[in-house]
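Quick notes on the structure that follows.
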Amino acid sequence: MSFYAFTPFSFSAIFPNSANISFHTLPKPTSTRTQPAPGRTMSTPRKQHTFTTLHSLYATSGTVTIHSSSSDSPILVPTPSPLDPNDPLSWPRQKKRTAFLSICTFTFLTNFGIGGLTSAFYLISLEFEKSLPETSALLLWPILVLGLFNFFWVPLANYFGKRPVFVLSCGLLFASYIWGALAKSFESLLWSNIVAAFAGSSTEALGAAMVNDLFFVHERGGKMGVYMNFISGGNTVGPLVCGFVVTGLSWRWHKWIAAMLTGINFVTVVLMVPETRYHRVEVTGEGGQQVSESEDNGQEKGKVRGDGEQGQQREGIVAVPKKSWVQELSLWSGTPKDDTSLWKMFLRPLPMFAYPCVIYSFLGYAVSLVLTVAVNILNSFVLQAPPYSWSPTVNGLINIPGFIGNLLGSFAGGWLVDKFCDWRSRKNNGVFEPENRLYLCILPLLITGAGCVLFGYGVERTLHWTSLFFGYGMVSFALTAVPTITMAYVSDSLLPVNSDALMLVNGSKNIVAFGFLYGIVPWVEKVGYVECFGTQAGIYAAIIAMGMAVLIPFGARIRHAQAKWRIIL
């Protein structure tokens, strides 16, 4: 069976020999070394790039032992290098927290400065004499840009490093907020938001990838929950703050506040966040435990052989000197040492759409985002118009239940899922299976499905404002719970290529969300809130439930089969 039969597109035009590659019968790699001609010096050949398998990079395919019968402490997976203090997994706790909170703050401020304006949409529409659909473009086009330009930033970060991309995009976000605060026309304000979205688009996939750079398997769920709460928090705290700022000052001051906070974070990133990219290849040693071969650019190699506990037998054995603070400030950390070119970095993620975990994660994230942003776009036109006739300040209070929903969702998808996985692993002789995370998708399935219906009925029947508040809080639960669970699942299953896979998740969900939300206002005007939000609830429930029904019982089998698919460039 050929590869392209499993995917909706053929790669034979890009990769001429891909059409006849078998999933399961994999040829052994052959040497590219040849004998020199008489009188000539033999040169080192460049490595030939072909389709390879995930199994060759990640032998366990996500099934790892995280508990030992001899100790209550979790086994550290991946195994940090005991010979290299520059390994991000070995960084001091405070250094990890600074890097992690800086990327969290950046993604929060992206949504804070752009999505936070939703409380002022009604007043902006009056100031610039724009209709509801025209004003909603201030949020809709940035959503599309946030998705599309994931496909621009992530390959650059994979090739040049995460730090230069992080510094550049953070500086650009700062400048775009100053532009927005000074905008004199609607078009200028719109373009400032689009440029801000271009800068902020670097963070959604790279931030999730940095979680994997800095933390171990047993920590990732909780940290991913915190990260997702910062993403969604910008869309709830932003409008809440904006409501008060608009009433006391103007919407422009919301932009100035975002610019000042982004400037502070920019300085922190420049001075205190080193490169987190680290070459780490995990293979399986005796007894199913991990052998880690790590390489830092320009440094000596160190090989570690262990039984899963930190600090066991070591071979190979040249310690790597610790970088100074000045060295860590460098924006240059090298490029890949093989012949991987930048254009191949742009093409490399595309075949990963064949992985079921990627498809489920991006669809689940997309529908969760659609529900939340739909309420964000519409609520000011509902609550600031008769019969409610609220001021922007009071209207902004609807984001309090939204924020609470985000917090509870990140708690359920992060900490609670980690505890559940820990319990399941102990019941399974210490073996962790990534599918354990998916059981708790039942919580957002029930809570958000019901909240969506409640909000639709509440608006159309002009029910008490508490129904709208409760509905929005329940809808917001999914925006953190679903991506926290499913993106951690993707990372566990596809660890060596997680930044590429998460780029597909984040980029694709924004593109799907844009297409859906672009028609949300005409849809509501045509069929009403009950039918519109009821249909959205049905689509959401179907996607979440079908993914659980397939991946929980069959996910492990699928993972080990897909690990042999030759679709990684």
So does Q327 get a backbone contact from the side chain of S330, meaning a donor-acceptor N/O pair under 3.5 Å? no

Distance-only check: which donor-acceptor pairs under 3.5 Å involve side-chain atoms of residues 358-375, not counting sequence neighbours?
residue: Y360; atom: OH; partner: I544; partner atom: O; Å: 3.0
residue: S361; atom: OG; partner: T486; partner atom: OG1; Å: 3.1
residue: S368; atom: OG; partner: G364; partner atom: O; Å: 2.8
residue: T372; atom: OG1; partner: S368; partner atom: O; Å: 3.1

Heavy-atom closest pair (P387 atom, T462 atom, distance to 0.1 Å) is CG-CG2, 3.5 Å

Would you find a donor on one side and an acceptor on the other, under 3.5 Å apart, between the side chain of E328 and the backbone of P274? no

Taking side chain to side chain contact (heavy atoms under 4.5 Å, CB included) as the criterion, tell me which of T110, V195, I114 meets it with S176. V195

Can you check whether L445's main-chain N or O pairs, donor with acceptor, with T448's side chain at less than 3.5 Å? no

To the nearest 0.5 Å, what is the distance between CG (L383) and CD1 (I398)? 5.0 Å

Taking NZ, NE, NH1 and NH2 as the nitrogens, is one of them in D213 or R277 under 4.0 Å from a carboxylate oxygen of the other? no

Does K526 pair with E531 as a salt bridge, N-O distance under 4.0 Å? no

Any donor-acceptor pair under 3.5 Å linking the side chain of S169 with the backbone of F166? yes

Quiz question: by atom type and distance under 3.5 Å, do the side chains of N193 and K255 form a donor-acceptor pair? yes

Would you say W523 has more than 12 foreign heavy atoms packed within less than 6.0 Å of its CH2? yes

Can we call the ring centroids of Y227 and F100 under 6.0 Å apart? no

Please answer whether the main-chain N or O of S131 pairs with a side-chain N or O of E134 as donor and acceptor at a distance below 3.5 Å. yes

Give a yes or no answer on whether the side chain of K96 reaches the backbone of L214 with a donor-acceptor pair at less than 3.5 Å. yes

Can you list everything that forms a salt bridge (charged side-chain N to carboxylate O under 4.0 Å, His left out) with E127? Sequence neighbours excluded, please. R252

According to the ring pair (Phe, Tyr, Trp, His ring centres under 6.0 Å) rule, which pairs have a member within residues 472-494, sequence neighbours left out? none

Which atoms form the tightest heavy-atom contact between P401 and F469, and what is the distance? CB-O, 3.3 Å

Between the side chain of N406 and the main-chain N/O of S476, is any donor-acceptor distance below 3.5 Å? yes

Nearest 0.5 Å, what's the CD1-OG1 distance between I103 and T98? 13.5 Å

Look at the side chain of R163 and the backbone N and O of V269, then say whether any donor-acceptor pair between them is shorter than 3.5 Å. yes

Do other residues, nucleotides or ligands put more than 12 heavy atoms under 6.0 Å from M546 CE? no

Stepwise side chain to side chain donor-acceptor pair (under 3.5 Å) test for S201 and W153: CA-CA 8 Å; S201 64; W153 289 113; 3.1 Å; yes

T262 side chain to F174 main-chain N or O, any donor-acceptor pair under 3.5 Å? no

Ignoring hydrogens and geometry, is there a side-chain-to-backbone donor-acceptor pair from S188 to S185 under 3.5 Å? no

Does the side chain of Y529 come within less than 4.5 Å of V524's, by heavy atoms? yes

